[in-house]
K.L.:
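Structure provided below as structure tokens; questions to follow.
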Amino acid sequence: MLEIAFIRNNAEHVKERLAVKHFKELNLVDEAVVVDEKRRAIQKQLDDNLAKQNAIAKEIGELFKQGKKDEADAKKAETAALKEESKTLEEQLSNNETELKNILVRLPNLPNALVPVGKTPEDNLVVKEAGVIPALFPDALAHWDIAKKLNLFDLELGVKITGAGFPVYRGKGAKLQRSLVNFFLDNAVEAGYHEVIPPHMVNEASAFGTGQLPDKEGQMYHITLDEFYMIPTAEVPVTNIVRDEILEEKNMPVKFAAYSPCFRREAGSYGKDVRGLNRVHQFEKVEIVQIAHPDKSYEVLDEMVRHVEGLLTKLELPYRILRLCGGDMSFGSALTYDFEVWSAAQKRWLEVSSVSNFETFQSNRMKTRFRDESKKTRLVHTLNGSALALPRIVASLLENHQSTDGTVKIPSALQPYTGFSILS
RNA sequence: GGUGAGGUGGAUGAGUGGCUGAAAUCAACAGUUUGCUAAAUUGUCGUACUGAGAAAUUGGUACCGAGGGUUCGAAUCCCUCCCUCACCGCCA
């Protein structure tokens, strides 16, 4: 959520930047300014009113103490009109604040200056491509066929138990999941992240804090009986650790890493996009989160990008890094790098990580501040990234590292975790 | 799920209608003292919105779990909800 004080003083700039995101309702910016102006006027009047009431109440208290009961009773009448008026003003203020919030909540974050102009995924900027794209033999298999032959996971079984998109991993397939999670977590802890295991459901306030509500309500599974939401990513519970907190600058950046299952409804997906592990409703992921000083958040973003790169390199997977264009980046992000790995048999790039700087978009919602040198409170910057999401990593591992004999080689960095060097 | 107790500032904790934005202690921060450490001592020590000011600063308002209510006036009284703790029940 953008800060109203900033919009107030930079309305034209805000509109300009929002246009880069192809945001259509630029008129909302002006509306916000108008509503805010009204809000301040109402607030001033209300505050003045309350000040008068407080003064009278104080006088009455004095009179009572002096035993001048009649005078005190006479004074009481004076407040009646004020009270009536204050009540009306309070109502107006509350309506006005709701109106303002409804507008602010619809405004996306401003894109950073580095964000490429563009509308579609084709406009994303490839900033790096690394690793060797393997030249596969003729009858190389897609990961779902490999999984079937080697009995690594079973999608049909998941359908019976739950529904489409809930894979059952088994045998070495299950062990591979566990190994990857440990591998990713160990790397994160090694890089200075504090490991946490967060709740897998969150309340409404947390979902609002990171921006899932109200914007992406349909993405989450909603437990209506208890008003909980299944987390679509550990970003939600982990970032909310610092909700309503004032941090000490010397403790920043705060670095968290968390493994969690992720639950996504993914309504409306179909076709080859959802084949095999390409898109599922439940998957495993290790997420890294940093709470950073505003002046240093872009260094932090680069550091996180390098961390993810390191993981992909160790897994010997060909990957590329994209800087998302204005039209393709998410609502709350100021700058996003997507990581894609090459899916050899499908011959396409699969997104396995998204690393973003949200600047103050989330912290303004969460009221997460820090105290700077002059003891003033300022909003922190929040960043997060997948490091990494498992299903497409598994898809890519299977497809890229398959051999003509139908087995799959495990990258050496992962072997200490799996305890085996090939899937057969 | 049942019963009981309770939710006050970074922590402990006082406060049953006006003198309480909130005692006291501890922690923290700044200074004094000291050869260093320790001790002692003085001061500072919540957040948000908002008015004035270039700024330092300063005026107003709100906030004592959340939301309503009573009252001229609420941390204090009433109602609803949430949470914590203890005991019981159930249970990985």
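Just the heavy atoms: all of them, side chains too, but no hydrogens, waters or symmetry mates, feed the values below. The sequence lines fix the lettering, A, B, ..., with proteins before strands; numbering per chain opens at 1.
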K.L.:
For atom C1', what is the distance between B/rU70 and B/rG60, given to the nearest Å?
P.N.:
26 Å
K.L.:
Quickly work out the A/Lys58 NZ to B/rG21 C1' distance and round it to whole Å.
P.N.:
12 Å
K.L.:
Pick the P atom in B/rU76 and in B/rC19, then give their distance to the nearest Å.
P.N.:
14 Å
K.L.:
Applying a 3.5 Å limit to both distances, which nucleotide forms a Watson-Crick or G-U wobble pair with B/rA39?
P.N.:
none
K.L.:
Considering Watson-Crick and G-U wobble pairs with both distances under 3.5 Å, what does B/rG59 pair with?
P.N.:
B/rU50
K.L.:
Does A/Lys44 reach a base, just sugar-phosphate, or nothing at all? Heavy atoms under 4.0 Å.
P.N.:
sugar-phosphate
K.L.:
Please report the distance separating the P of B/rU61 from the corresponding atom of B/rG1, rounded so that it comes out in whole Å.
P.N.:
43 Å
K.L.:
For the pair made of CZ in A/Arg369 and P in B/rG10, what is the distance, rounded to whole Å?
P.N.:
11 Å
K.L.:
Rounded off to whole Å, could you give me the CZ-to-C1' distance for the A/Arg8 and B/rU50 pair?
P.N.:
9 Å
K.L.:
Does B/rG89 have a Watson-Crick or wobble mate here (both distances under 3.5 Å), and if so which one?
P.N.:
none
K.L.:
Rounded to the nearest Å, what distance is computed from the CD atom of residue A/Glu97 to the P atom of nucleotide B/rA48?
P.N.:
16 Å
K.L.:
Base, sugar-phosphate alone, or nothing: which one does A/Lys376 contact when heavy atoms must sit under 4.0 Å apart?
P.N.:
sugar-phosphate
K.L.:
How far does the C1' atom of B/rC26 sit from the matching atom of B/rC83, given to the nearest Å?
P.N.:
26 Å
K.L.:
Any strand counts, and the cut-off is 3.5 Å on both contacts for Watson-Crick or G-U wobble. Which nucleotide pairs with B/rG18?
P.N.:
B/rC72
K.L.:
Which value, in whole Å, describes the distance between the P atoms of nucleotides B/rG65 and B/rG6?
P.N.:
14 Å
K.L.:
Could you tell me how far B/rG31 sits from B/rU37 if I compare only their P atoms? Round to whole Å.
P.N.:
13 Å
K.L.:
Any side-chain N or O of A/Arg371 under 4.0 Å from OP1/OP2 of B/rU47?
P.N.:
yes
K.L.:
Under 4.0 Å between a Lys/Arg side-chain N and an Asp/Glu carboxylate O for A/Lys255 and A/Glu303?
P.N.:
yes
K.L.:
Applying a 3.5 Å limit to both distances, which nucleotide forms a Watson-Crick or G-U wobble pair with B/rC45?
P.N.:
none
K.L.:
Going by purine N1 to pyrimidine N3 plus the second Watson-Crick contact, or the G-U wobble pair, all under 3.5 Å, which nucleotide sits opposite B/rG6?
P.N.:
B/rC83
K.L.:
Given B/rA62, B/rC72, B/rC49, identify the nucleotide with an atom nearest to the side chain of A/Arg39.
P.N.:
B/rC49
K.L.:
Taking 4.0 Å as the cut-off, does a side-chain nitrogen or oxygen of A/Asn54 come that near to OP1 or OP2 on B/rU61?
P.N.:
yes
K.L.:
Expressed as a whole number of angstroms, how long is the span from A/Ile246:CD1 to B/rC45:C1'?
P.N.:
13 Å
K.L.:
Nearest to the side chain of A/Lys83, which nucleotide is it out of B/rC72, B/rU50, B/rG60?
P.N.:
B/rC72
K.L.:
Please pick, from B/rC29, B/rU47, B/rC72, the nucleotide with the shortest atom-to-atom distance to any side-chain atom of A/Ile60.
P.N.:
B/rC72
K.L.:
Take atom C1' in B/rC82 and the same atom in B/rU32, then report the distance between them in whole Å.
P.N.:
49 Å
K.L.:
Please compare A/Lys375 and A/Gly61 by the position of their nearest nucleotide in RNA chain B and report the one closer to 5'.
P.N.:
A/Gly61
K.L.:
So is A/Lys172 actually on top of A/Phe420's ring, under 6.0 Å and inside 45° of the axis?
P.N.:
yes
K.L.:
Could you check A/Thr377 against A/Lys76 and say which one's nearest nucleotide on RNA chain B is further toward the 5' end?
P.N.:
A/Thr377
K.L.:
Is the NZ or CZ atom of A/Lys58 both under 6.0 Å from the centre of the six-membered ring of A/Phe64 and within 45° of that ring's axis?
P.N.:
no
K.L.:
Within 45° of the six-membered ring axis of A/Phe208 and under 6.0 Å from that ring's centre, is NZ or CZ of A/Arg365 located there?
P.N.:
yes
K.L.:
The test is ring pair (Phe, Tyr, Trp, His ring centres under 6.0 Å); show your working for A/His293 and A/Phe370 and say whether it passes.
P.N.:
CA-CA 8 Å; A/His293 189 291; A/Phe370 73 101; 4.8 Å; yes
K.L.:
What's the gap between B/rC91 and B/rU12 when it is taken at their C1' atoms, as a whole Å value?
P.N.:
36 Å
K.L.:
What about A/His307 and A/Tyr193, are their ring centers closer than 6.0 Å?
P.N.:
yes
K.L.:
Without decimals, in angstroms, what is the distance between A/Asp73 CG and B/rU71 C1'?
P.N.:
13 Å
K.L.:
Any base atoms under 4.0 Å from A/Asp48, or only sugar-phosphate, or nothing? Heavy atoms, all strands.
P.N.:
nothing
K.L.:
For A/Leu50 and B/rG73, give me the distance from atom CG to atom C1', rounded to whole Å.
P.N.:
13 Å
K.L.:
In whole angstrom, give the distance that lies between atom CG of A/Asp244 and atom C1' of B/rG65.
P.N.:
13 Å
K.L.:
Find the partner of B/rA27: check Watson-Crick (N1-N3 plus N6-O4 or O6-N4) and G-U wobble (N1-O2, O6-N3) distances, both under 3.5 Å, and reply none if neither fits.
P.N.:
none
K.L.:
Does the pair A/Lys367/A/Asp244 count as a salt bridge with the N-to-O cut at 4.0 Å?
P.N.:
no
